[in-house]
Amino acid sequence: MAVADREAPPHELGELRERLAELADLRGIEQMLSWDQNTFMPPGGAETRAEHMATIERLYHHGMVDPTLGRLLDALEPWAADRDDDDDDAALVRWARRDHDKATCVPARLIEDMAREAARGYSAWLQARATGEFSHFRDALARQVELRHAYAACFPDAEHPYDVLLDDYEPGETTGRLRPLFTALVAELQPLVQDAADAGAEPNGGVFTGRFGLADQRRAILAILGDMGFEEETWRLDPSPHPFAQSPGVGDVRITTRYREDDFAYAFYSALHEFGHGLYDAGLPVTLRRTNLRDCASLGVHESQSRLWENVIGRGRPYCNWLLGRLQELLPGCFDGVDGAGLYRGVNTVRRSFIRTESDETTYNLHIALRFELELALLEGRLEVDDLPAAWNAGMSRLLGVEVASDAVGVLQDVHWSIGSFGYFPTYTLGNLMSAQLWERLRTDLSDVDEQLERGDFGQLRDWLGEHVHRHGRKLAPRELLRRATGEELRAEPFLAYLRAKLTDAGITPA
Ligand code: ZN
């Protein structure tokens with residue numbers, strides 16, 4: 001290393017960085033277009049916007065598969081191999097090689113087919129969901145499954161075709177490791193739901209039910225997130241039908257939420273979730289700007305941050321105590337007669353439900369386990385698309401004990417399959433598991449974190465996450481990041497222990 005440090009970097013490094021900067025710009029532009037599309041664009045712009053996005057995607061792919069990029073990497077790899085793994089330039093070369101090789105394995109024709117069929121699949125899904133008729137979605141879905149088989153076949157060395165799909169969202173993750181993880185999780189969660197579920201309960205125990213003006217809700221959310229780290233100079237909060245977070249570039253973090261007049265939790269907890277995503281993006285180091293490393297380690301790691309703020313912190317006792325005071329100040333009269341313990345118990349209410357996005361923390365991973373099972377069965381050829389609705393309903397009955405009344409609240413509820421996002425769902429569960437492991441470690445390092453949260457003091461918490469998660473950007477693979485942050489491999493026990501302790505502490509399950 002000492003030798004490498006004395007040597008001037010090879011001239012190819014500058015050229016590689018220039019090319020990667022342009023590709024990073026394209027990604028940022030793509031994010032801006034998509035943010036606009038999902039917030040303020042009039043619906044009439046959809047067709048042209050799809051063309052804009054396709055052009056950006058084609059330019060990106062073109063740049064990524066450029067043989068010159070491959071030659072630059074060939075020239076730089078021996079030099080990078082002599083450098084420390086944590087060195088920015090070594091990581092830059094390593095991840096550029098991975099992206100270049102993956103892109104070149106897939107014929108341009110297939111990339112185009114996937115983009116076009118995603119748009120078609122999405123329209124077919126919208127129509128099917130509106131009418132509740134799976135038959136309107138059947139052909140588009142069959143085409144998506146066929147395309148995923150074709151995509152997986154581009155990587156003949158993969159141990160399992162599903163590994164190829166997973167790797168796009170969770171680099172290095174494998175079916176072989178996920179299968180036992182989900183089996184163990186399901187076995188432990190089912191009895192827990194049995195004990196904790198309350199058939200008559202309202203969402204969040206009804207604590208957030210009332211009448212809330214939309215402007216008041218937004219003001220309250222901005223004030224609370226402002227206490228937590230949302231900065232007006234660099235963040236935005238806008239309404240959108242589906243909440244999301246995006247950061248097109250340094251100093252520009254955009255989160256969204258949606259509102260319902262009769263339930264403040266609907267907007268608030270979505271905003272808290274997206275705040276966790278936003279804080280990760282805000283914490284990516286400025287030194288990685290316009291590189292392939294100014295990105296998350298994986299979608300699972302990203303979700304670990306959003307779930308940490310939404311659930312582990314946001315539905316924890318100390319935070320609830322602080323939050324109640326702020327809510328009473330910001331929304332006078334709406335939280336009279338509620339105490340901290342009631343708020344805490346309310347937001348941890350367990351209900352068996354049909355819809356994943358509205359499900360509580362305890363049942364949530366059972367919804368994901370079902371999707372993981374079905375995706376594997378489709379990819380392994382054990383399940384035909386025509387049999388999917390029946391398999392869905394049987395799975396919901398077995399895993400969650402609910403009888404699905406219609407496909408609209410069953411197999412048609414998620415957008416993911418319509419646009420070809422197979423292998424995506426497991427990242428939600430990975431995020432949940434990682435958030436509990438990170439939290440366990442964080443509590444050891446910051447022994448008075450509960451007192452800090454009771455006071456509404458979030459600085460040390462943010463610094464810990466910045467140091468152990470955010471500052472790495474995409475330099476570390478997700479499992480490596482977790483290992484360094486916690487000293488552990490990925491496992492389900494910390495999540496289960498955290499959940500059991502909370503449900504008991506909140507008085508939802510007996511001690
Ligand atoms: Zn999320």
Please check if any side-chain donor atom of [X] sits under 3.5 Å from a side-chain acceptor atom of [Y], or the reverse.
| X | Y | answer |
| --- | --- | --- |
| Gln246 | Ser34 | yes |
| Glu30 | His52 | no |
| Tyr151 | Asp168 | yes |

**Message:** Assess the residue pair Ser435 and Ser304 against the criterion (side chain to side chain donor-acceptor pair (under 3.5 Å)); give the C-alpha distance rounded to whole Å, side-chain angles, the decisive distance to 0.1 Å, and a yes or no.
**Reply:** CA-CA 5 Å; Ser435 72; Ser304 79; over 6 Å; no

**Prompt:** Any cation-pi pair here, Arg258 with Tyr266, using under 6.0 Å and within 45°?
**Reply:**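 Pair Arg258/Tyr266 counts as cation-pi.
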
**Asked** Within 45° of the ring axis of Phe335 and under 6.0 Å from its six-membered ring centre, is that where the NZ or CZ of Arg326 lies?
**Response**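 No, Arg326 does not lie over the aromatic ring of Phe335.
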
In Å and rounded to the nearest 0.5 Å, what is the [atom1] to [atom2] distance from [X] to [Y]?
| X | Y | atom1 | atom2 | value |
| --- | --- | --- | --- | --- |
| Met32 | Asp36 | CE | CG | 6.0 Å |
| Leu481 | Leu476 | CG | CG | 5.5 Å |
| Glu480 | Leu482 | CD | CG | 10.0 Å |
| Asp414 | Ile419 | CG | CD1 | 10.5 Å |
| His472 | Leu293 | NE2 | CG | 12.5 Å |
| Leu272 | Ile224 | CG | CD1 | 9.0 Å |

[X] side chain vs [Y] backbone, donor-acceptor pair below 3.5 Å:
| X | Y | result |
| --- | --- | --- |
| Gln305 | Tyr280 | no |
| Glu170 | Leu166 | no |
| Asp216 | Phe212 | no |
| Asp167 | Gly172 | yes |
| Asp263 | Ala265 | yes |
| Ser270 | Pro243 | no |
| Asp360 | Thr362 | yes |
| Thr363 | Ser359 | no |
| His470 | Leu284 | no |
| Asn348 | Arg315 | yes |

Check this for me: does any side-chain nitrogen of one of [X] and [Y] sit under 4.0 Å from a carboxylate oxygen of the other?
| X | Y | value |
| --- | --- | --- |
| Arg19 | Glu22 | no |
| Arg218 | Asp238 | no |
| Asp295 | Arg27 | no |
| Asp101 | Arg97 | yes |
| Glu173 | Arg479 | yes |
| Arg116 | Glu112 | no |
| Lys502 | Glu361 | yes |
| Lys475 | Asp88 | yes |
| Arg254 | Asp252 | yes |

Less than 4.5 Å apart, any side-chain heavy atom of [X] and any of [Y]?
| X | Y | value |
| --- | --- | --- |
| Leu225 | Trp235 | no |
| Thr291 | Arg474 | no |
| Phe425 | His367 | no |
| Tyr428 | Asn365 | no |
| Arg260 | Phe208 | no |
| Pro203 | Arg351 | yes |
| Arg290 | Asp25 | yes |
| Trp309 | Leu465 | yes |

**Message:** Let's go through Asp163 and Thr175 carefully: what are the C-alpha distance in whole Å and the side-chain angles of both, what is the deciding distance for side chain to side chain donor-acceptor pair (under 3.5 Å) to 0.1 Å, and is it a yes or a no?
**Reply:** CA-CA 6 Å; Asp163 291 357; Thr175 313; 2.5 Å; yes

**Request:** Flag yes if more than 12 heavy atoms outside His149 fall under 6.0 Å of its NE2 atom; otherwise flag no.
**Result:**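 Enclosed: over 12 neighbouring heavy atoms sit under 6.0 Å from NE2 of His149.
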
**Request:** Count the heavy atoms of every other residue, nucleotide or ligand shown that sit under 6.0 Å from CD of Glu384, and state whether that count exceeds 12.
**Result:**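 Check fails, neighbour count at 12 or below.
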
For the student: nearest non-hydrogen atoms of [X] and [Y], plus distance:
| X | Y | value |
| --- | --- | --- |
| Ile255 | Glu274 | CG2-O, 3.4 Å |
| Cys154 | Pro107 | SG-CD, 3.8 Å |
| Ser247 | Val253 | OG-CG2, 4.3 Å |
| Leu433 | Ala492 | CD2-CA, 4.1 Å |
| Ala485 | Leu438 | CB-CD2, 3.7 Å |
| Pro285 | Gly473 | CD-N, 4.4 Å |

**Request:** Report the C-alpha distance between Asn292 and Arg94 in whole Å, list the side-chain angles of each, state the deciding distance to 0.1 Å, and finish with yes or no for side chain to side chain donor-acceptor pair (under 3.5 Å).
**Result:** CA-CA 10 Å; Asn292 54 339; Arg94 201 162 57 237; over 6 Å; no

**Request:** Mind running side chain to side chain donor-acceptor pair (under 3.5 Å) on Asn311 and His273 for me, showing each step along the way?
**Result:** CA-CA 8 Å; Asn311 289 333; His273 180 98; over 6 Å; no

**Message:** With side-chain hydrogen bond (donor to acceptor under 3.5 Å, both in side chains) as the rule and sequence neighbours excluded, what pairs involving residues 125-134 come up?
**Reply:**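 Only Thr131-His136 qualify under side-chain hydrogen bond (donor to acceptor under 3.5 Å, both in side chains).
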
**Request:** Determine the interplanar angle of the Phe134 and Phe137 rings, folded into 0 to 90°, and report it as parallel if under 30°, tilted if 30 to 60°, perpendicular if over 60°.
**Result:**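 Ring orientation, 0 to 90° scale: perpendicular.
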
**Message:** Arg120: which residues meet the side-chain hydrogen bond (donor to acceptor under 3.5 Å, both in side chains) condition with it, sequence neighbours left out?
**Reply:**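 Once residues adjacent in sequence are excluded, the partners of Arg120 under the side-chain hydrogen bond (donor to acceptor under 3.5 Å, both in side chains) criterion are Glu117.
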
**Asked** What residues, two or more places apart in sequence or in another chain, satisfy side-chain contact (heavy atoms from CB on, under 4.5 Å) together with His242?
**Response**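 side-chain contact (heavy atoms from CB on, under 4.5 Å) check on His242 returns nothing, list empty.
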
**Message:** Before we go on, tell me: are the rings of Tyr424 and Trp417 under 6.0 Å apart, centre to centre?
**Reply:**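 No, the ring of Tyr424 stays outside the 6.0 Å limit from the ring of Trp417, centre to centre.
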
**Residue pair Phe372, Tyr162: steps toward the ring-ring contact (aromatic ring centres under 6.0 Å, His included) verdict** = CA-CA 10 Å; Phe372 175 63; Tyr162 194 73; 5.8 Å; yes

